[in-house]
Amino acid sequence: DISKGDMKKKHLMIPRSFTLIVTQLAITANVFFASFLGARSLVIFDLAQTLVLAPVVLFGQSIAQASFPALSQKRNDKKEFDAIFTASFNQILYLTLPLSALFIVLRIPLIRLFFGASRFDWSATVDTGRTLAYFSVSIAAQSLIYLLARGFYAHKDTKTPLIVTVVAVVLNVFLSYYFVLQLKLPIFFLAAAFSISNILAALIL
């Protein structure tokens, strides 16, 4: 029945849409808190986040999208579903964990390489490197969230990822507020709040 099919699609689409909205609110909140530390800190935060998102999108999002059709097709076959999911899970970890360590260890050379020594003084390079390092702690978690969420989507469950996203965003906003406005900590603690919330979200999922 076409009307029943449309109702089911709307039932699945609405939580997914709210998940995207909540995620966007988290991004806006991060910019808001970073602005309290000044324009310099806002630029540092944005540049570090842009750099760390590259492996997340390249490996996490792409592998999750590639595996999603197979996961959906095998959702009623637990053995096959688990095999596909585990293979994708391990592949993401295999690719992102070394990159996470690489980003942390080589944070200063990476900042110099991508953003140029001529445009960054040493103080800005160090602060951006530290921010990158705090972001990099959660590269694997950020990447796995794409796959974990699609595991639920394959089972036609879009509510669970929404609930987990809301919890993670609330934690992110609280920690950002506490670190920046209460403790007056530097910009890289805003990246730490982001990483903590993403690690928690991955663990819950």
Side-chain angles (χ1 to χ4, degrees), residues 19-20 22-35 37 39-68 85 87-122 124-151 153 161 164-165 168-169 172 175-176 186-203 205:
T19 301
L20 295 174
V22 171
T23 303
Q24 189 60 47
L25 287 174
I27 295 171
T28 304
N30 284 331
V31 172
F32 172 76
F33 287 114
S35 66
L37 299 173
R40 176 181 180 275
S41 294
L42 184 58
V43 172
I44 286 172
F45 183 86
D46 182 62
L47 292 176
Q49 188 174 43
T50 299
L51 190 56
V52 88
L53 280 176
V56 173
V57 173
L58 181 61
F59 299 119
Q61 191 176 51
S62 61
I63 292 173
Q65 286 179 342
S67 62
F68 181 60
F85 185 87
S88 300
F89 189 96
N90 290 338
Q91 189 176 15
I92 289 174
L93 285 181
Y94 178 79
L95 293 168
T96 57
L97 284 178
L99 278 175
S100 180
L102 189 70
F103 274 39
I104 293 170
V105 173
L106 300 179
R107 58 188 182 276
I108 299 300
L110 284 172
I111 297 301
R112 291 296 210 189
L113 174 65
F114 284 100
F115 302 124
S118 60
R119 292 182 295 170
F120 268 62
D121 58 32
W122 183 246
T125 300
V126 170
D127 286 345
T128 309
R130 286 178 177 175
T131 307
L132 175 65
Y134 278 92
F135 270 128
S136 298
V137 171
S138 64
I139 286 178
Q142 293 178 59
S143 301
L144 286 173
I145 285 172
Y146 285 103
L147 176 67
L148 292 164
R150 280 165 176 78
Y153 297 156
V164 175
T165 300
V169 168
N172 186 16
L175 290 176
S176 298
I187 187 62
F188 35 90
F189 280 91
L190 198 59
F194 181 84
S195 286
I196 291 169
S197 63
N198 274 277
I199 291 170
L200 178 67
L203 289 173
L205 285 170

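Only heavy atoms go into these numbers, but all of them, side chains included; no hydrogens, no water, no symmetry mates. The first residue of the sequence shown is numbered 1, and numbering continues consecutively from there.
Between Phe59 and Ile139, the closest side-chain pair of non-hydrogen atoms is not below 4.5 Å. Between Ser35 and Val31 there is no side-chain heavy-atom pair separated by less than 4.5 Å. Taking the side chain as every heavy atom from C-beta outward, Ser176 and Asn30 approach each other to under 4.5 Å. The shortest side-chain heavy-atom distance between Phe189 and Leu175 does not fall under the 4.5 Å cut-off. For the pair Ile27 and Gln24, the minimum side-chain heavy-atom distance is below 4.5 Å.
For the pair Ala140 and Leu97, the tightest heavy-atom approach, listed with the atom from each and the gap, is CB-CD2, 3.8 Å. Closest non-hydrogen pair, Ile44 versus Ala124, comes out as CD1-O, 4.3 Å. Of all heavy-atom pairs between Phe85 and Gly151, the closest is CE1-CA, 4.4 Å. Across Ala149 and Pro161, no two heavy atoms sit closer than the pair O-CG, 4.1 Å. Across all non-hydrogen atoms, the minimal contact from Ile104 to Ser136 is CG1-CB, 3.8 Å. Taking every heavy atom of both residues into account, Ser138 and Ser195 meet most closely at OG-OG, 2.9 Å.
Remark: Leu102 engages Leu99, Leu106 in a side-chain contact (heavy atoms from CB on, under 4.5 Å) (not counting sequence neighbours).
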Show, in sequence, the C-alpha distance, side-chain angles and deciding distance for Ile108 and Trp122, and conclude whether the side-chain contact (heavy atoms from CB on, under 4.5 Å) test is met. CA-CA 10 Å; Ile108 299 300; Trp122 183 246; 3.7 Å; yes
Apply side-chain contact (heavy atoms from CB on, under 4.5 Å) to the pair Ile145 and Thr165, showing each step before the final yes or no. CA-CA 10 Å; Ile145 285 172; Thr165 300; over 6 Å; no
Could you walk me through whether Arg107 and Thr131 satisfy the side-chain contact (heavy atoms from CB on, under 4.5 Å) test, starting with their C-alpha distance in whole Å, then the side-chain angles of each, then the deciding distance to 0.1 Å, before giving a yes or no? CA-CA 9 Å; Arg107 58 188 182 276; Thr131 307; over 6 Å; no
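Rounding to the nearest 0.5 Å places CG of Leu93 at 11.0 Å from OG of Ser88. For the atom pair Thr50 OG1 and Phe114 CZ, the distance stands at 12.0 Å (nearest 0.5 Å). With values rounded to the nearest 0.5 angstrom, Leu190 atom CG is found 12.5 Å from Tyr134 atom OH. Between Gln142 atom CD and Ser197 atom OG the span is 8.5 Å, to the nearest 0.5 Å. In this structure, the separation between CG on Asp46 and OG on Ser41 is 12.5 Å, given to the nearest 0.5 Å. Residue Thr128 holds its OG1 atom at 12.0 Å from CZ of Phe45, rounded to the nearest 0.5 Å.
The side-chain contact (heavy atoms from CB on, under 4.5 Å) test with Val52 singles out one residue from Val137, Leu110, Leu47, Leu132, and that residue is Leu132.
Arg150 and Ser67 share no donor-acceptor pair across their side chains, judged by distance under 3.5 Å alone.
The aromatic rings of Phe135 and Phe194 stand perpendicular to each other, their planes meeting at an angle above 60°, with 30° marking the opposite boundary.
For the pair Thr96 (side chain) and Ile92 (backbone), a donor-acceptor distance under 3.5 Å is present.
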